[in-house]
Visitor: 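A single structure is presented below for examination.
In what follows, chains carry the letters A, B, and so on, assigned in the order in which the sequence lines appear, proteins first and then strands, with residues in each chain numbered from 1. Atoms considered below: every heavy atom in the structure, side chains included; atoms not considered: hydrogens, waters and symmetry mates.
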2 protein chains.
Amino acid sequence: MAEKVTSLQVAQLAGVSQSAVSRVFTPGASVSKKTEEKVRKAATELGYRPNVLARAMVSGKSRIIGLVVAYLDNYFYPEALEKLSNELQEQGYHVLIFMASRTAGNIDDVMEEILDYQVDGVILASVPMSSDIATRCQQAGVPVVLFNRSQDIDGITSVTSDNYSGGRKVAEFFIAAGHGRIAYIAGWQGASTQRDREAGFRAALGDAGQDLYAYEIGEFLTENARLAARRMFDVAPEDRPDAVFVANDHMALAVMDVIRFELGMRIPEDVSIVGYDDVPQAGWLAYNLTTIRQRANLMVAETVDALLDHIENPAVAAARKVAIDGPLIVRTSARLPKGWTPQRMKT
Amino acid sequence: MAEKVTSLQVAQLAGVSQSAVSRVFTPGASVSKKTEEKVRKAATELGYRPNVLARAMVSGKSRIIGLVVAYLDNYFYPEALEKLSNELQEQGYHVLIFMASRTAGNIDDVMEEILDYQVDGVILASVPMSSDIATRCQQAGVPVVLFNRSQDIDGITSVTSDNYSGGRKVAEFFIAAGHGRIAYIAGWQGASTQRDREAGFRAALGDAGQDLYAYEIGEFLTENARLAARRMFDVAPEDRPDAVFVANDHMALAVMDVIRFELGMRIPEDVSIVGYDDVPQAGWLAYNLTTIRQRANLMVAETVDALLDHIENPAVAAARKVAIDGPLIVRTSARLPKGWTPQRMKT
DNA sequence: ATGAAAGCGCTAACAA
DNA sequence: TTGTTAGCGCTTTCAT
């Protein structure tokens, strides 16, 4: 079991000062070719690598990003997490992960723990903003960006899809297809994503002179989505909605199960279903769910870009509110307006 | 933006020495009630929290666990990741995550980076062991445990499900149901999970006097699984397999899509499909996949337990090879043997 | 029980 | 370009 090897040991072996070793491992420091050579040789011989923690202490930069994630069971998040982690790794940062889920206690405690690690920045992915954690970070001087959540408070950077516009698109699509009993199954009311999707949806419905035909709340939880669907369809067959916008795919897939396998209805012949996110499962042929795509790649890129901007230019960097437009991916879970054809399916 | 507050500042405000402050925040140190009170008061007033990194430097314990994960698109992993992270958080550790995916370069580089953070331990989740990373950690004196992978090398702790026994169960189930043309779609050959599942499956088939009727390789990738399925069924209808064991659910679900929607065959009337893992999607009614359950909770508990054991008793702790038996979850994607009934489905 | 002092492994002035 | 020196914020002897 090799013992921990320090820069001092390398220095001694190489016959130089300890700071010379430090310089060799500091990009852009001034070292002569000769010294560099000697040091590198000694370093590899001993298997030396700089201690990131020690470096962090003195430099004040840990190159650690705290990532707080609420749910991993909505399949949008594993995808996003993977991309975030990869992108940050490429930039020389690493991700310290914090689950803000059920088991973990108070989110505020989690935040304190994060800050204890002297993270250079924090990404909050779909974290309920009940108590304003983000503000707490700002106070500590740690840059934050909200991923897939927005906040009315100014001065906080957030990256989302354009949920309002997405909601509108779904309503317009339903109306173009001639639907007349259009319903909505909502996500968790505390989420800006939920509120914006609903607002856009209702607005476009209103523009067409329609009103919401039925409304239930699923809270972004599959089980509650099932219950919501059962309540919504527990009426005489002719009084059932003929089109339902479900606030995310995660719920929409569960709703499709209820409709097809419990109620024995056909999709889209009896009822059209549209979701939101375009998670991989939405493209699975047994569901083939029409949905609004959240462009995860773009969202991640914007998130990382904004965060690094704040880290590197603490004074200058202005808060951004990014909302990325996403296309309606037309599959077969919703009736097509005249003249539309399903887009090529991801195989 | 509150500046960083140090133990020294707290000490001054409280009128005690800096070490007194340290003691207050060190569980089990000897401090008088009075001092503790004064210190805590000053600390909350200033919003002081100990700097974990500084503590790590002097104590040599970072309370960081490096977690290397390969795929997050196999839904077994997000689940496991969430549980691992939660459990470790409860034990006062935090997870530094490393994606060993396609984009990230060499895994060995990733390992070096991990060790640079002076992690107290490492969990390798489904990481290809091509170059023996685990050994590399051992050398550095960092405890490792392999999650959902095993290694023949002694002295390395691993936690898996009992893949061999799982493979056997599937074969026995097919045979009990009277299948006579039994096929297998394999995962990535470098994975011990794949090899063990196949070995158990073949062995039980052999015990019943049968041989594998068809064999293709899907490498644990959905796209390759689809190709494998197409190749496997590209024969005269009467020559097609009547039962297929697919090495994990992730692939099995894709295979079901090919069989039902491309080939127009019925499941389980024309062909039985069984998977492995019991990911959440396997229970979705549009698939309702019969599968071997990996007991994620148990696997995680064992993993954390073993890792902490190694961390806390570096000398004593013996390497463990844990293989957790998992039940066959009988749903409707495979023909039932006489007298069997489907188990209650997770709703 | 408490304070003083040493030092974890490193970077960053400052001299030379 | 290089070495010397002073810390980063904390824990931990060692005295008292």
Side-chain angles (χ1 to χ4, degrees), chain A residues 2-40 42-43 46-64 92 113 115-120 140-141, chain B residues 2-40 42-43 46-64 92 113 115-120 140-141:
Chain A
E3 282 316 302
K4 223 127 272 180
V5 23
T6 73
S7 60
L8 187 62
Q9 302 175 40
V10 176
Q12 285 163 349
L13 180 60
V16 297
S17 78
Q18 184 270 330
S19 10
V21 177
S22 172
R23 285 192 188 95
V24 171
F25 288 91
T26 306
S30 81
V31 222
S32 71
K33 264 238 145 115
K34 267 178 200 157
T35 326
E36 162 133 29
E37 241 167 52
K38 285 192 292 188
V39 170
R40 292 228 180 266
L46 297 177
Y48 168 78
R49 308 209 92 220
N51 180 330
V52 177
L53 265 34
R55 177 178 283 176
M57 271 215 55
V58 37
S59 69
K61 318 263 86 203
S62 64
R63 302 204 72 89
I64 297 179
E113 288 180 28
L115 296 177
D116 292 349
Y117 280 90
Q118 313 297 115
V119 294
D120 289 347
Chain B
E3 281 318 302
K4 222 128 275 180
V5 23
T6 72
S7 59
L8 186 62
Q9 302 174 39
V10 176
Q12 285 165 346
L13 180 60
V16 298
S17 78
Q18 183 269 329
S19 6
V21 178
S22 172
R23 285 192 187 95
V24 171
F25 289 91
T26 305
S30 81
V31 221
S32 72
K33 264 247 146 105
K34 268 179 198 156
T35 326
E36 163 131 31
E37 242 167 51
K38 286 193 292 187
V39 170
R40 292 230 180 264
L46 297 177
Y48 169 79
R49 308 209 92 221
N51 180 332
V52 177
L53 265 35
R55 177 177 284 176
M57 271 213 55
V58 35
S59 70
K61 316 264 86 201
S62 63
R63 303 203 71 90
I64 298 178
E113 288 181 28
L115 296 178
D116 293 350
Y117 280 90
Q118 313 298 116
V119 294
D120 290 347

Visitor: Would you say a side-chain N or O of B:T35 is under 4.0 Å from OP1 or OP2 of C:dA1?
Guide: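 Looking at the OP1 and OP2 atoms of C:dA1, neither is under 4.0 Å from any side-chain N or O of B:T35.
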Visitor: Over all strands shown, is A:V16 touching base, sugar-phosphate only, or nothing at heavy-atom distances under 4.0 angstrom?
Guide: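 Result for A:V16 = sugar-phosphate.
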Visitor: Kindly say if B:S32 contacts the phosphate of C:dA1, meaning a side-chain N or O under 4.0 Å from OP1 or OP2.
Guide: no
Visitor: Taking only side-chain nitrogens and oxygens of B:Y117, does any of them come within less than 4.0 Å of OP1 or OP2 of C:dG9?
Guide: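 No, no such contact exists.
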Visitor: Atom CG of A:D116 and atom CG of B:N51: how far apart are they, to the nearest 0.5 Å?
Guide: 8.0 Å
Visitor: Could you tell me the separation between the CG atom of B:D116 and the P atom of C:dC10, rounded to a whole number of Å?
Guide: 10 Å
Visitor: OP1 or OP2 of C:dC10 versus the side-chain N and O atoms of A:S7: is any pair under 4.0 Å?
Guide: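 A:S7 to C:dC10 OP1/OP2: side-chain N or O found under 4.0 Å.
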Visitor: Say you draw a straight line from OG of A:S32 to NZ of A:K38; how long is it, rounded to the nearest 0.5 Å?
Guide: 7.0 Å
Visitor: If I take atom NZ in residue B:K61 and atom C1' in nucleotide D:dT12, what distance separates them, rounded to the nearest angstrom?
Guide: 16 Å
Visitor: Tell me the interatomic distance from B:R55, atom CZ, to C:dG7, atom C1', rounded to whole angstroms.
Guide: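 The answer, rounded to whole Å, is 17 Å.
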Visitor: Please step through side chain to side chain contact (heavy atoms under 4.5 Å, CB included) for the pair A:L46 and A:Q9, ending with a clear verdict.
Guide: CA-CA 8 Å; A:L46 297 177; A:Q9 302 175 40; 4.2 Å; yes
Visitor: Has A:S19 got a side-chain N or O lying under 4.0 Å from the OP1 or OP2 atom of D:dT2?
Guide: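 For D:dT2, OP1/OP2 do not have a side-chain N/O of A:S19 under 4.0 Å.
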Visitor: Could you state the CZ-P distance from B:R23 to C:dA4, rounded to the nearest angstrom?
Guide: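 In whole Å, C:dA4 P lies 11 Å from B:R23 CZ.
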Visitor: Please classify the nucleic acid contact of A:V21 as base, sugar-phosphate, or nothing, using heavy-atom distances under 4.0 Å.
Guide: nothing
Visitor: Ignoring the backbone of B:Q18, work out which of C:dC10, C:dA13, D:dC10 is nearest its side chain.
Guide: D:dC10
Visitor: How far does CZ of B:R23 sit from OG of B:S17, to the nearest 0.5 angstrom?
Guide: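 So the gap between those two atoms works out to 6.0 Å.
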Visitor: Nearest heavy atom decides the nucleotide; on that basis, is B:S17 or A:L53 closer to the 5' end of DNA chain C?
Guide: B:S17
Visitor: Would you tell me if any nitrogen or oxygen in the side chain of B:T6 comes within less than 4.0 Å of OP1 or OP2 on D:dG9?
Guide: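 No, B:T6 has no side-chain N/O under 4.0 Å of OP1/OP2 on D:dG9.
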Visitor: Give the nucleotide from the list D:dC10, C:dC10, C:dT2 with an atom nearest to the side chain of B:N51.
Guide: D:dC10
Visitor: Calculate the interatomic distance between B:M57 atom CE and D:dG9 atom P; express it in whole Å.
Guide: 12 Å
Visitor: For the side chain of B:T26, counting heavy atoms from C-beta on, which of D:dC10, D:dT12, C:dA13 is nearest?
Guide: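 Out of D:dC10, D:dT12, C:dA13, the nucleotide with an atom closest to B:T26's side chain is D:dT12.
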Visitor: Rounded to the Å, how far apart are B:Q9 CD and D:dC8 P?
Guide: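 Distance, rounded to whole Å: 11 Å.
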Visitor: Which is true for A:F25 with a 4.0 Å heavy-atom rule: it touches a base, it touches only sugar-phosphate, or it touches nothing?
Guide: nothing
Visitor: Given atom CG of A:L8 and atom P of D:dG3, what is their separation to the nearest angstrom?
Guide: 13 Å
Visitor: Under the 6.0 Å and 45° cation-pi test, does B:R40 pair with B:Y48?
Guide: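 Negative - B:R40 is either too far from the ring of B:Y48 or too far off its axis.
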Visitor: Can you tell me how far apart OG1 (B:T26) and CZ (B:R55) are? Round to the nearest 0.5 Å.
Guide: 6.0 Å
Visitor: Between atom NZ in B:K38 and atom P in C:dG3, what is the gap in whole Å?
Guide: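 The distance from NZ of B:K38 to P of C:dG3 comes to 7 Å, rounded to the nearest Å.
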Visitor: Looking at A:S59, does any N or O in its side chain come under 4.0 Å of the phosphate oxygens OP1/OP2 on C:dT11?
Guide: no
